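I have placed the structure first, in the form of structure tokens, so that the comments after it can refer back to it.
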Amino acid sequence: KQAEAEAEAKHLSGIGTAKMRQAITDGFRGSIESMKESCGLEPHDVVHMMMVTHYLDVLKEFAQSGRATMVVPHGPSAVADIENQVRNGFTQASMAQPAASNSMG
């Protein structure tokens, strides 16, 4: 009985994580569409701008906290590497969306 409860809890946690990731993806998609419409930027330019901004915000938060030490890649490819990771996340999320929808319904 305890094993069943743990399995169900893990299943529900997985569904919650999938919904959270989908909400993040939807938010990014909305931001990209909004920037494209209002500024005429291409989606890859919007993602680049969002990633650079977020990257700098995170660095600023760490610097202001005074409680953390962080080693940060800082070469010319650092932001491009982060962009690639986010792009891969979007790709995985879009592939997982139909699978998640099928398992929930």
Side-chain angles (χ1 to χ4, degrees):
K1 215 142 173 78
Q2 183 178 354
E4 288 176 6
E6 287 176 13
E8 181 64 15
K10 287 179 182 180
H11 173 75
L12 293 175
S13 176
I15 290 172
T17 300
K19 286 182 179 181
M20 177 188 70
R21 289 180 179 153
Q22 186 60 51
I24 291 169
T25 300
D26 292 344
F28 276 132
R29 185 180 299 117
S31 295
I32 290 168
E33 290 170 3
S34 175
M35 291 292 288
K36 184 177 177 182
E37 289 173 13
S38 65
C39 302
L41 294 175
E42 291 299 317
H44 67 276
D45 294 326
V46 175
V47 171
H48 178 76
M49 186 179 70
M50 290 168 58
M51 290 308 305
V52 170
T53 302
H54 183 70
Y55 183 75
L56 295 174
D57 287 345
V58 169
L59 291 178
K60 180 181 172 184
E61 287 177 31
F62 271 99
Q64 289 177 336
S65 74
R67 296 174 292 185
T69 301
M70 184 170 126
V71 178
V72 180
H74 60 279
S77 67
V79 174
D81 292 342
I82 294 169
E83 276 185 80
N84 286 333
Q85 292 174 22
V86 170
R87 187 176 299 108
N88 290 339
F90 281 137
T91 302
Q92 291 174 6
S94 68
M95 291 186 322
Q97 183 179 3
S101 297
N102 290 340
S103 68
M104 288 185 218

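Please read these numbers as outputs of a predicted model, since none were measured by experiment.
Residue Ile32 holds its CD1 atom at 11.5 Å from NE2 of His44, rounded to the nearest 0.5 Å. Here the CE atom belonging to Met20 is positioned 10.0 Å from the OG1 atom belonging to Thr25, to the nearest 0.5 angstrom.
Contact between Val46 and Ser31 at its shortest, heavy atoms only, is CG1-O, 4.3 Å.
For Ser34 (side chain) and Gly30 (main-chain N/O), no donor-acceptor pair under 3.5 Å exists by modelled atom type.
Residues passing the side-chain contact (heavy atoms from CB on, under 4.5 Å) test with Ser65 are Arg67, Ala68, sequence neighbours excluded. Take Glu37 and apply the side-chain hydrogen bond (donor to acceptor under 3.5 Å, both in side chains) test, not counting sequence neighbours, and it matches no residue. Under the side-chain hydrogen bond (donor to acceptor under 3.5 Å, both in side chains) criterion, Gln2 pairs with Glu6, sequence neighbours left out. Taking Glu61 as the reference, nothing meets the side-chain contact (heavy atoms from CB on, under 4.5 Å) condition, with sequence neighbours excluded. Not counting sequence neighbours, Asp45 has no partner by the side-chain hydrogen bond (donor to acceptor under 3.5 Å, both in side chains) test. Residues forming a side-chain contact (heavy atoms from CB on, under 4.5 Å) with Ser13 (at least two apart in sequence, or on another chain): Thr17.
In this structure the side chain of Met35 never reaches within 4.5 angstrom of the side chain of Met50, judged on heavy atoms.
With respect to Asp26 and Arg29, a salt bridge is recorded, a charged nitrogen being found less than 4.0 Å from a carboxylate O.
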